[in-house]
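Before any comments, here is the structure.
In what follows, every heavy atom counts, from backbone to side chain, and hydrogens, waters and symmetry copies are set aside. What you see is a predicted model, and the numbers here were worked out from it, not measured in a lab.
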Amino acid sequence: MHADSTTTRKAAALAAFADLDREPGVAKPDPILVVDNVVRRFGGLTAVDVAHLEIQRGSITALIGPNGAGKTTFFNQLTGFDSADEGSWAFNGKQLKGVPAHRVARTGMVRTFQLTKALSKLTVMENMRLGAQNQRGENFFRALVPGSWRRQEDEITERAEELLERFKLNTKRDDFAGSLSGGQRKLLEMARALMVGPELVMLDEPMAGVNPALTQSLLAHVKDLREEGMTVLFVEHDMDMVRDISDWVVVMAQGAVIAEGPPDTIMSDQRVVDAYLGAHHDAPMSAEEFEEQLQEAEAELEAEIEEKA
Amino acid sequence: MNGVKISVVAEDGKPVDDATSGADGKWEVPVPKAGKYKVTLDTSTLPAGVALKFQNRSTLDVQVYDGSVRNVLFALVPAGAKGGAAPADDGGTSFWDRVAQLTFEGFNLGLIIALAAMGLSLVFGTTGLTNFAHGELLTFGAMCAYFFNVVVGVHLVWAALISVVIGGIFGYGQDRFFWGRLRRRGSSLVAMMIISIGLALFLRYVFLFFFGGEGAPYADYNAQPGIQVGPISAAPKNFVAMGIELLVLVIVGLALLKTRIGKAARAVADNPALAASSGINVDRVIRIIWTVGGAIASLAGIMLGLSQNVSYQMGFQILLLVFAGVTLGGLGTAFGALVGSIVVGLFIQLSTVVVPTELKTVGALLVLILVMLFRPQGILGRRERIG
Amino acid sequence: MDWNAILITTVKASIGLETVVYALAAIGVNIQFGYAGLLNFGQAAFLGVAAYGMAVTVATFHLPFWLGIAIGLAATVVLAFLLGIPTLRLRADYLAIVTIAAAEIVRLVFRSVKFSSVFGGSDGRQNFSGDFFAMNPYSPGTYGIGPISFNERVTWILTVGWVLIAICCGLVYLLMKSPWGRVLKAIREDEDAVRSLGKNVFSYKMQALVLGGLVGCLGGFLFALGQASVQPDLFSTEFTFYAYTIVILGGAARVFSPVVGAAIFWVLLVFVGNTLSEAVSAGMLPSLFTVNNIGAVRFMLVGLGLMLLLIFRPQGIFGDKREIALDAR
Amino acid sequence: ACGGGEDSAAPSASAPAPAASSAPAAAQGDGVLTIGTLLPQTGSLAFLGPPEFAGVKLAVKEINDAGGVLGKPVTEIDTDSGDTSTNIASQSVDKLLQQKADVVVGAASSSVSLSVIDKITGAGVVQISPANTSDQFTTYDDKGLYFRTAPPDVLQGRVLGDLILADGNDTVGILALQDAYGTGLADNVQKAVEGGGGEVVEKVIYDPKAADYSADVAKIKEKNPKAVALIGFDETKKIVPELVKQGLTAKKVKYYFVDGNLSNYGTGKDGFPKGTLDGAKGTQPGAQVSDDFKEKLKSVDPKLKDFNYGPESYDATIVTALAALAAKSDVGKDIAAKLKDVSSGGEKCKDFKSCADMLAAGKDIDYDGASGPIEFNDAGDPAEATIGVYEYGADNNNKNVAFNTGKIAG
Amino acid sequence: MLRADELYAGYIPGVNILNGTDLYVKKGELIGIIGPNGAGKSTLLKTLFGLVPVRSGSVTLDGEDITNLKAHALVSRGVGYVPQTNNVFPSLTIEENLEMGAFQVPGRFKERFEFVCEIFPALRERRKQRAGSLSGGERQMVAMGRALMTEPSVLLLDEPSAGLSPKLQDLVFIQAQQINKAGVTVIMVEQNARRCLQICHRGYVLDQGRNAYMASGRDLINDPKVIQLYLGTLARA
Ligand SMILES: Nc1ncnc2c1ncn2[C@@H]1O[C@H](COP(=O)(O)OP(=O)(O)OP(=O)(O)O)[C@@H](O)[C@H]1O
Ligand SMILES: Nc1ncnc2c1ncn2[C@@H]1O[C@H](COP(=O)(O)OP(=O)(O)OP(=O)(O)O)[C@@H](O)[C@H]1O
Ligand SMILES: [Mg+2]
Ligand SMILES: [Mg+2]
């Protein structure tokens, strides 16, 4: 399958990671994004407190961590949707602190949202077209002369069609985005972000709610992105997926980066297991195993209840 | 003032006549024709201990018109208190007294606005409807009370009670037979907003039809003489009204925060489908809110009528301030309406210290815009989370 | 009952000055609200500053007419920036109230005695339309088909008005089919998503506000010129309400809806009013209705009519029912 | 649907248009004198509508009882002037012109009149307002077609200012409505007071749509005047209680009213408490409205309570009908040309029938109406007016104490 | 116990999302529904729960016809529902959100609140935080907790594990099964299909508004067609 064709870049990425330390904040050979001391507090709660983090260019990096660890908030800081209390970060060497969200996107760093933001009353196709950059027709005066943007529009449409096909949304092409199902919205959101043609794409739980079979084919697509030279940073709770495509995994907990490393190493890291994966993450379980586990849990619960009583 | 000499000279410098004031201080000079004349009071003839109030005006240019008598007045004061504008002697107030009075008036007006705003905010909060017909709910309440008070002849207190109940029923009915139906048909909020503009128009002119264009006061407590409390003079009815308003506002605010139905109302506001899934009877909650909203609006109308007058445009005229209050406080917050409205009330009144009173609304509205500049979510509002 | 007169006045109303003015104002609202989702409830102020800008230049300062037009346009743009900078960051419903407030401020300042030497207080300004009518190509007389005819002044202003409407409709049509319009529509749906795609949301909103304001401002000029007088109260919040009603009547985010909506609105108003007053003077109504309250009945009926139209056709004349289904709560 | 206007604009060769004032066919004489009313049924002056409509109705009735004009009964078409916030007036005028009105009686509000004056006079129709008092109209280029039966503010302001001084008030506070009427009158009062040696210590202009008036009153109170002139309309009912509340009772300061608010407030259910206005004074243009005339107005509209501008409306109608008789034409221009004639210089007459008879006998007449002497000057304003001075008793109703007739010019 | 026959339903007039779906659940059963995105799984749940109008067909609960009954009326008959999106009240605090869950049985709030906090301790710490500021996963916990506040006899879960950390996902499945053990009938839509099918008694595969397959969970997991079309081979078999 796809896996074979992706070897070159993957190999490169893996090689880059090969002899790095497995510790939080480790320096990467060719970082596209460098983050220093980013802090965001909500009242008494420190949602994000990342001391140092680098993202390797051309790699697929997974960001995992328990719920409420601050992953989404971290994304918000980096992409200019929320202002950080402290810290600085540079994308391709360019300082981005205080830069408004749309500029961040234009520099080539595009994110998707965990809670999808489909543009309901635009059709799926229009949603896609919107993603394209440097559109001539988006200038007020040129918009008045259709001839000036028609050609470009056709090219954009073509690119959009391809992506839609990939994301199995081609049948919904002319429907309002508002009428898509939850999973379809996720897909649209991701496809739309790719229309921007970013250097670094930041996906916030792209596969939550997406059908497994489709997830699988999308993974291939994400790997292709790497082949095209794109860097991917994604948040995900689906360990199968993380294991399958990521070259490097960053773990956050309570706002801070607690571990970094290749997927296999990370998943056996005891701290990560405790904080995040839980004892039984290694799917699949047989029915018997499950029964066992259930009884265990039940016993635990009962014990606790007794304790209380 | 007796024996003061006055001389009148025509425009061209020809003296016309002189006169000496009589025992009552009056004098009279017949002039030949219309035109300009100079009238001079000879200050040296003034009795001792008396001086001109406006010293530099012992000579006046007077225009006399055809066929009419022209009065000229030389204001006199006991010598010693000479010159300048009138000092704050009997009953005049100092600047700070006025500020105190204005602050009081600010709360007075602010609380009425707050009461109206609470009703609006309740309905907006639960249904998302920007109800431009809310002003007419106020007018409705005020007119009901007017009917019972003036036409039927019940004392205002009872008339108000009855009207609050009727206002509640009116609110209930509106939802039951109108807004509720529209909601079920799936009308969009914008469409409903425009429908509310139509409804406002309709109701306002129904009121005009039956009530007429003139304002009218209630039969009780009208032009109640003020009492002096410190620097503030206020009618007793103001204090009672403010007390009632504050009480109702706090009760409703707390009810919204603490009671089960209040929380349910906020839940419906957030997400009606989910509220239904939680076992909340959404229609019932909305109906209760409309009932309470209608009753509060009615009360607000009565209070407004009490402090102003009942007229068919009363609600409409105050609506903008009500909206400003709700917005300033933060849409959909329980006490935002209260805080925002009081700020609006205070600024309307206090801004008159610096701007002409005809522009007092401008003062309050500017504050609204400025606050929005720094707190786009309103004073008590919270920012939405992104992502 | 003089049905003939009722019908003629009604037909004339459908293309008359008020329809033109409200249509232009509504086209502006449609750009701002219908396409960009900006609940700008201060549209009246745009017409106001334009009309006053022109009138004051000509009548108070005795400067040339075209300079007046230029100043009116400039004033509109300035107002759009002043209004936009603090408010465009606000959520839709906040925006609505703040823009109402801003428009009221403008009106109250125009109205105030303090500035009456410039703006003329509540009487406003007159004597500025001479140059405009001097350009009138129609020689004195009446123009039109049969009884539906106007004198040369009205014909002139209507000609200019409908040409402007045609131009504006064309402009909106071109714009909204373009990627520019697409960004606007996307902003209406979700700003953050648009931001994440690298579009400068604030700039687009501002463009929409300015454009909508400028279209509305043409209405302001025509209003002032057509009446040969400006008054502050013409530009009160009710005006904006009616402009919104017109947009929704026609169907939001449709090119021709403001024009059709405006015609319907004025036809309704005039037809109802004239029919009622004829009926009263012909003694056809119960004695409860008199000249004194028939005006009230007219607005009652208009209010009722608007309600019914929207209740039974919530998406407006040209609207798409499917869109409505999407945002029902 | 865009651009219907211009394609239908083919000239439909009409009557040879007169060069100077191009009067379209609508206003050309059809032998029936058609009087259109443009008076407030809705809007902020709606409360002034009933007496005005009644005045016109009464006049039309009397004219028609006396045989009408040019041998045909006069027709009346009523329309709503609204206020300036809705653009009703303009539509109403369209309708009136469409129905061939020769005379438009209205509007009540100066601002509304200004917004339609071009339209009306441009069509060669006479506009005659019973209530416009703004100075603007005196100089307005109205092609000689605008008239009014209410005197401009100058005279009343003069009389009121004089009255205030005569009562020995050297310091005066003015609370005036923010419109042409209020500010105009306030200026005139101020001029009179200051010209006569008094001082206006505070002039507060209030917004009629304001939520309340406490700040306005507080501002007056700070300056502690001896007299307060209240210049406005219906808002006075809200301002007086505010004055009382803040301690400026009629006992402490002297209230002065003007025609806009000189009503009988009474002590009844919706009146003020007894004595609230005791000793207050006011002025009103117009001769005393006889009870007889009030009764007549009531016969037209039994619900009338106040009669403001009723007589003026009545006179406006009668005098135009007389002018039409004198001109033997119902064309606006002809009527306008005769209006000055029939109102001044000649044998006095006081009602339509007798005036009409005298005209028929070829005499020069001088109509004196229910509201005063009615005499137009060249600008279409009354040249002479009577201002009545009224005083309130403890019952909050006013009684006439004096009349003051004078020429306006000078 | 709950059955739907020949259901046709949809949002936009004229377009049916459900095209004759049949479903039955016996008392005490745990049913899993899987299918591709946009198949109509959520729509099916919403239709059962009366949030989407039924165009034809019928829904019965315990033999009683509940077609098109209002949602709150179903809640009082012991049906609980966790929506897929928009499943919390953003302006209410966590505690109030849960209180709304127990709206019809306010007396038992304390007790149930304790119970829910046992499962998701994170919620107890944050009880005063507004749900609108919560992270995606935290919201999911609140949503699940809200449904557990009442003790429903039928529970409809729409992707309850989406957005949760692996640890909590496990917990959710365990809970679902445990609740089911306690006698509650559970219908669960999941994209985490393997887990879902592992624990459920029977599974439905929905495609384009029609049931494509229906079999026991274990059979479905191993059905090569189902694997190819819906499950994928990503997770190690
Ligand atoms: N606006 C806010 N106000 C208060 N607290 C907030 C706000 N936004 C986020 N938080 C808190 O910050 C923490 C981090 O949230 P964040 O959304 O970043 O988590 P996450 O790692 O994305 O979790 P998940 O995997 O569940 O999506 C959470 O505990 C959340 O409750
Ligand atoms: N509110 C709506 N209005 C119109 N159409 C809708 C609406 N919600 C969903 N649809 C349509 O109904 C179909 C089924 O949606 P549904 O949400 O039931 O899918 P699903 O099976 O739950 O998918 P997913 O696994 O992605 O959540 C989709 O094609 C979608 O386009
Ligand atoms: Mg997250
Ligand atoms: Mg779903």
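- Of the listed residues (Thr361(B), Leu359(B), Leu203(B), Leu208(B)), the greatest number of heavy-atom pairs within a distance under 4.5 Å of chain C belongs to Leu359(B).
- Residues Ile311(C) and Phe178(B) meet the side-chain proximity criterion, which asks for heavy atoms closer than 4.5 Å.
- Within the 4.5 angstrom heavy-atom criterion, only side-chain atoms of Phe132(B), from C-beta onward, approach chain C.
- In terms of non-hydrogen atom pairs under 4.5 Å with chain C, the most contact-rich of Leu366(B), Val362(B), Val326(B), Leu370(B) is Val362(B).
- Most heavy-atom pairs under 4.5 Å with chain B: of the set Ile97(C), Leu306(C), Ile248(C), Leu310(C), this distinction falls to Ile97(C).
- Residues of residues 105-113 of chain C lying under 4.5 angstrom from chain B, judged on non-hydrogen atoms, are Ile105(C), Leu108(C), Val109(C), Ser112(C), Val113(C) by number.
- Aromatic ring pairs are classed by plane angle as parallel below 30°, tilted from 30° to 60° and perpendicular above 60°; the pair Tyr205(B) and Phe299(C) is parallel.
- Judged purely by atom type and a 3.5 angstrom limit, Arg89(C) uses its side chain to pair as donor or acceptor with the backbone of Leu373(B).
- In this structure, Gly198(B) and Met307(C) approach most closely via the heavy-atom pair C-SD, 3.6 Å.
- Minimum heavy-atom separation, Ala101(C) to Leu368(B): CB-CD2, 3.7 Å.
- Sparse packing is recorded around CZ of Arg284(B), with 12 or fewer heavy atoms of other residues, nucleotides or ligands lying under 6.0 Å away.
- Heavy atoms of Phe211(B) lying under 4.5 Å from chain C are absent altogether.
- Contact of Leu182(B) with chain C is made through the side chain alone, with heavy-atom distances under 4.5 Å.
- In this structure, the portion of Met193(B) lying under 4.5 Å from any heavy atom of chain C is its side chain and not its backbone.
- Proximity to chain C is absent for every atom of Phe210(B), based on heavy atoms less than 4.5 angstrom apart.
- Looking at Thr130(B), neither its backbone nor its side chain comes within 4.5 Å of chain C, counting heavy atoms on both sides.
- Between Glu104(C) and Leu320(B) the shortest side-chain heavy-atom distance falls below 4.5 Å.
- Both the backbone and the side chain of Leu199(B) come within contact range of chain C, each with at least one heavy atom under 4.5 Å from a heavy atom of that chain.
- Residue contact with chain B, scored on non-hydrogen atoms closer than 4.5 Å, involves the backbone and the side chain of Ala102(C) alike.
- Residues Leu201(B) and Tyr242(C) form a side-chain contact, since some pair of their non-hydrogen atoms from C-beta on lies under 4.5 Å apart.
- Against chain B, the residues from residues 34-45 of chain C that qualify, each with a non-hydrogen atom under 4.5 angstrom away, are Leu39(C), Phe41(C) in number order.
- Separation of atoms CZ (Phe207(B)) and CE (Met300(C)) is listed at 10.5 Å; rounding is to 0.5 Å.
- Rounding to the nearest 0.5 angstrom, the gap separating the CG atom in Leu90(C) from the CD1 atom in Ile369(B) is 10.0 Å.
- In this structure, no portion of Leu328(B) lies under 4.5 Å from any heavy atom of chain C.
- A distance of 12.5 Å separates CG of Leu309(C) from CD1 of Ile194(B), quoted to the nearest 0.5 Å.
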